[in-house]
Amino acid sequence: MINNDVDVCVVSEMHLKPDQPDAVINIPNYTIYRRDRNWSGRDMRQKGGVAVYIRKNLSVIDVMCSDLSSSSSSSSSSVFYFKIKNVLI
């Protein structure tokens with residue numbers, strides 16, 4: 001990603017579980033934000049999960065997560081909102 005000048009990268013289907021540390025999927029010079037499959041114990045599917053890598057020179061000043069779960073469903077989804085400080089490079 002560094003060679004291609006990527007600032008933000010979203011990766012889906014990570015297949016990670018909450019007990020796996022960030023060090024397993026760390027990319028130097030990027031901060032990782034992740035939403036693992038079954039993060040709240042409600043979603044028992046074996047696949048899925050999302051990771052967002054943000055280059056460390058960008059200043060993330062707020063991260064909000066909106067839970068889109070349904071009371072009639074055993075699965076849940078989330079929308080992440082990242083507020084990044086405007087930085088001129």
Side-chain angles (χ1 to χ4, degrees):
M1 289 192 321
I2 295 169
N3 293 339
N4 291 313
D5 199 29
V6 174
D7 290 326
V8 177
C9 177
V10 179
V11 182
S12 65
E13 301 298 327
M14 291 294 290
H15 299 255
L16 293 174
K17 295 182 174 79
D19 61 343
Q20 294 172 303
D22 289 348
V24 172
I25 56 171
N26 183 50
I27 297 176
N29 299 316
Y30 287 85
T31 302
I32 185 169
Y33 298 87
R34 50 190 268 195
R35 164 56 159 78
D36 297 338
R37 175 61 64 214
N38 196 27
W39 68 279
S40 65
R42 294 182 291 174
D43 192 346
M44 301 308 290
R45 294 176 288 182
Q46 297 299 311
K47 298 181 180 179
V50 176
V52 178
Y53 292 92
I54 299 180
R55 192 187 298 235
K56 286 191 176 186
N57 70 328
L58 297 177
S59 181
V60 175
I61 54 177
D62 197 11
V63 179
M64 296 175 285
C65 178
S66 172
D67 187 3
L68 302 177
S69 62
S70 168
S71 60
S72 63
S73 173
S74 64
S75 65
S76 64
S77 299
S78 297
V79 175
F80 286 91
Y81 303 91
F82 291 86
K83 190 174 194 179
I84 299 174
K85 184 178 179 181
N86 189 7
V87 179
L88 297 176
I89 300 174

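Any value given below was found using the heavy atoms of this structure, including those in side chains, with hydrogens, waters and symmetry copies removed. Small disclaimer: the values here were computed from a predicted structure and weren't measured.
- In this structure, CG in Asn29 is found 14.0 Å from CD1 in Ile54, a value given to the nearest 0.5 Å.
- Closest of all the heavy-atom pairs between Leu16 and Asp36 is O-CB, 3.5 Å.
- Ile27 is linked by a side-chain contact (heavy atoms from CB on, under 4.5 Å) to Met1, Tyr30, Tyr53, counting only residues two or more places apart in sequence or in another chain.
- Both Val24 and Met14 are assigned to one and the same hydrophobic cluster, defined by single-linkage of ILVMFWY side chains at heavy-atom distances under 4.5 Å.
- Considering only residues two or more places apart in sequence or on other chains, Asn3 meets the side-chain contact (heavy atoms from CB on, under 4.5 Å) condition with none of them.
- The shortest heavy-atom contact between Val6 and Val8 is CG1-O, 3.5 Å.
- Residues that satisfy the side-chain contact (heavy atoms from CB on, under 4.5 Å) test with Val10, not counting sequence neighbours, are Val50, Val52.
- Counting all heavy atoms, side chain and backbone alike, Gln20 lies closest to His15 at OE1-O, 4.1 Å.
- For residues 51-60, every residue pair satisfying the salt bridge (Lys or Arg N to Asp or Glu O under 4.0 Å) rule, not counting sequence neighbours, is listed here: Asp5-Arg55, Asp7-Arg55.
- Every residue two or more places apart in sequence or in another chain was checked for a side-chain hydrogen bond (donor to acceptor under 3.5 Å, both in side chains) with Asn26, and none qualifies.
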